[in-house]
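What follows is a set of notes on a single structure, which appears directly below.
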Amino acid sequence: MQSKALKKIIRNPTAVICIVILAVLIVSCVFSDVLAPYGFDEQQLHNARQGPSAEHIFGTDEYGRDIFSRILYGGKTSIVIGFAAVLLSVAVGGTLGMLAGYYKKAEMIIMRLVDIQVAIPGILFAIVIVATLGDSLFNVVISVAIFSIPTMIRVVRSEVLSMKQSEFVLAARTYGLPSWRILLVHILPNIVHTMIVLATMRFASSVLTSATLSFLGLGVKPPMADWGSMISNGRMFIRTDWWVIVFPGLALLILTLAVNLLGDALRDALDPKVQ
């Protein structure tokens with residue numbers, strides 16, 4: 001199954017292009033300390049608001065800081081938040097979704113709590129959490145993860161509900177296997193592909209949510225670089241210094257678009273119903 005899925009991905013030109021783009025972005029941002037020509041807060045006031053040039057390929061902002069360097073450092077922050085939030089949402093949402101799908105009593109409690117959370121707009125819920133707990137990096141990760149947990153719970157629950165009536169699960173019950181073993185050994189391996197695809201897509205939304213919080217002044221705080229705060233600061237100069245807002249916006253667009261397209265390719269490759 002894994003080899004067939006890998007062959008499908010390799011034969012998909014869109015998936016290959018997205019993988020290359022993401023690899024370049026992630027490696028460049030993770031190693032920003034080495035690759036960035038300037039520090040994320042290195043100011044050159046005499047070069048403030050300079051357009052793209054050989055010295056500053058993406059130009060400089062109002063403080064003379066190199067935008068290319070800040071995009072690399074900001075990308076590292078966004079990627080770390082996105083990965084941490086997705087891992088947390090998969091761990092919590094996946095566990096609760098499996099419990100809700102397998103146990104009726106747990107389903108009543110968990111799904112009612114999900115309904116309450118879904119009734120509140122996700123970004124508003126994230127804003128309330130950050131505003132209440134503080135705008136530290138840890139709290140931003142928590143708020144972004146909570147934004148994704150209801151979707152993970154609902155998808156995993158539906159998969160478990162359909163899997164619970166499968167012949168191999170019924171046979172495992174007949175043999176008297178404990179419920180936890182059935183969930184972990186028989187059901188979980190058969191829904192991992194769904195969780196991987198959903199996690200990939202939620203990574204893009206997590207990065208966007210983090211950028212939104214920073215745009216609103218509730219995410220990563222200065223002097224740390226972040227794409228959302230760079231876009232927020234650059235809107236004041238959009239009429240005169242287009243590069244201040246365009247390049248951070250393009251970085252965010254390219255990352256989220258590549259992740260979403262890769263998620264579609266993974267869904268087609270990992271779904272056993274698609275031949």
Side-chain angles (χ1 to χ4, degrees), residues 13-85 123 135 137 140 144 200 203-263:
T14 302
V16 174
I17 293 173
C18 290
I19 291 173
V20 172
I21 291 174
L22 289 173
V24 172
L25 274 175
I26 292 174
V27 171
S28 299
C29 293
V30 169
F31 295 98
S32 57
D33 293 337
V34 178
L35 299 176
Y38 302 92
F40 67 89
D41 199 35
E42 185 176 339
Q43 300 183 12
Q44 299 176 358
L45 295 178
H46 60 284
N47 283 330
R49 297 171 61 183
Q50 296 295 313
S53 62
E55 185 179 2
H56 303 281
I57 59 175
F58 285 176
T60 61
D61 61 11
E62 68 273 24
Y63 299 108
R65 297 176 296 192
D66 183 67
I67 293 177
F68 176 71
S69 299
R70 287 180 60 78
I71 286 177
L72 293 183
Y73 281 102
K76 180 197 288 189
T77 304
S78 298
I79 290 170
V80 168
I81 292 175
F83 271 119
I123 187 62
D135 50 11
L137 191 62
V140 171
V144 173
T200 302
F203 173 76
S205 64
S206 296
V207 172
L208 282 175
T209 304
S210 171
T212 301
L213 291 174
S214 297
F215 182 87
L216 297 174
L218 294 172
V220 178
K221 286 296 185 182
M224 291 182 65
D226 182 84
W227 291 346
S229 60
M230 292 176 69
I231 295 172
S232 179
N233 295 334
R235 60 186 172 154
M236 297 184 292
F237 309 100
I238 190 171
R239 293 178 180 268
T240 57
D241 308 326
W242 56 269
W243 58 88
V244 178
I245 191 172
V246 166
F247 289 118
L250 281 176
L252 185 60
L253 172 64
I254 291 171
L255 177 64
T256 54
L257 183 61
V259 170
N260 281 324
L261 291 176
L262 180 59

Are any of the side-chain heavy atoms of [X] and [Y] separated by less than 4.5 Å?
X	Y	result
Pro52	Ile57	no
Ile26	Ile79	yes
Arg49	Thr240	yes
Thr60	Gln44	no
Ile19	Leu262	yes
Pro37	Asp66	yes
Asp61	Arg70	yes
Phe31	Leu72	no

Separation of [Y] [atom2] from [X] [atom1] (nearest 0.5 Å):
X	Y	atom1	atom2	answer
Cys29	Ile71	SG	CD1	9.0 Å
Phe203	Ser78	CZ	OG	8.5 Å
Leu25	Cys18	CG	SG	11.0 Å
Lys76	Ser28	NZ	OG	12.0 Å
Thr212	Trp227	OG1	CH2	13.5 Å

- Around atom OH of Tyr63, are there more than 12 heavy atoms of other residues, nucleotides or ligands at under 6.0 Å? no
- Assess whether side chain to side chain contact (heavy atoms under 4.5 Å, CB included) is satisfied between Phe40 and Arg65, documenting all intermediate values. CA-CA 7 Å; Phe40 67 89; Arg65 297 176 296 192; over 6 Å; no
- Task: Heavy atoms only: give me the nearest Ser210-Val140 pair and the separation to one decimal.
- Result: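 For Ser210 and Val140, the tightest heavy-atom pair comes out as OG-CG1, 4.3 Å.
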- Shortest non-hydrogen contact from Ser206 to Ala85? OG-CB, 4.1 Å
- Chi angles and distances behind the side chain to side chain contact (heavy atoms under 4.5 Å, CB included) call for Ile67, His56: CA-CA 8 Å; Ile67 293 177; His56 303 281; over 6 Å; no
- Pick from Leu208, Leu250, Leu22, Asn260: which one makes a side-chain contact (heavy atoms from CB on, under 4.5 Å) with Leu255? Leu22
- Note on the structure: From the list Asn233, Asp226, Ile231, Leu253, side-chain contact (heavy atoms from CB on, under 4.5 Å) with Pro248 holds only for Ile231
- ring-ring contact (aromatic ring centres under 6.0 Å, His included) partner of Phe58, chosen from Tyr38, Phe68, Trp243, Trp242: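 With Phe58 as partner, ring-ring contact (aromatic ring centres under 6.0 Å, His included) holds for just one option, Phe68.
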- Report the C-alpha distance between Glu55 and Asn47 in whole Å, list the side-chain angles of each, state the deciding distance to 0.1 Å, and finish with yes or no for side chain to side chain contact (heavy atoms under 4.5 Å, CB included). CA-CA 10 Å; Glu55 185 179 2; Asn47 283 330; 4.1 Å; yes
- Message: side chain to side chain contact (heavy atoms under 4.5 Å, CB included), that's the test. Do Val207 and Ile81 meet it? Break it down for me.
- Response: CA-CA 7 Å; Val207 172; Ile81 292 175; over 6 Å; no
- Whether Ser232 side chain and Phe215 backbone form a donor-acceptor pair below 3.5 Å: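 A pair under 3.5 Å: yes.
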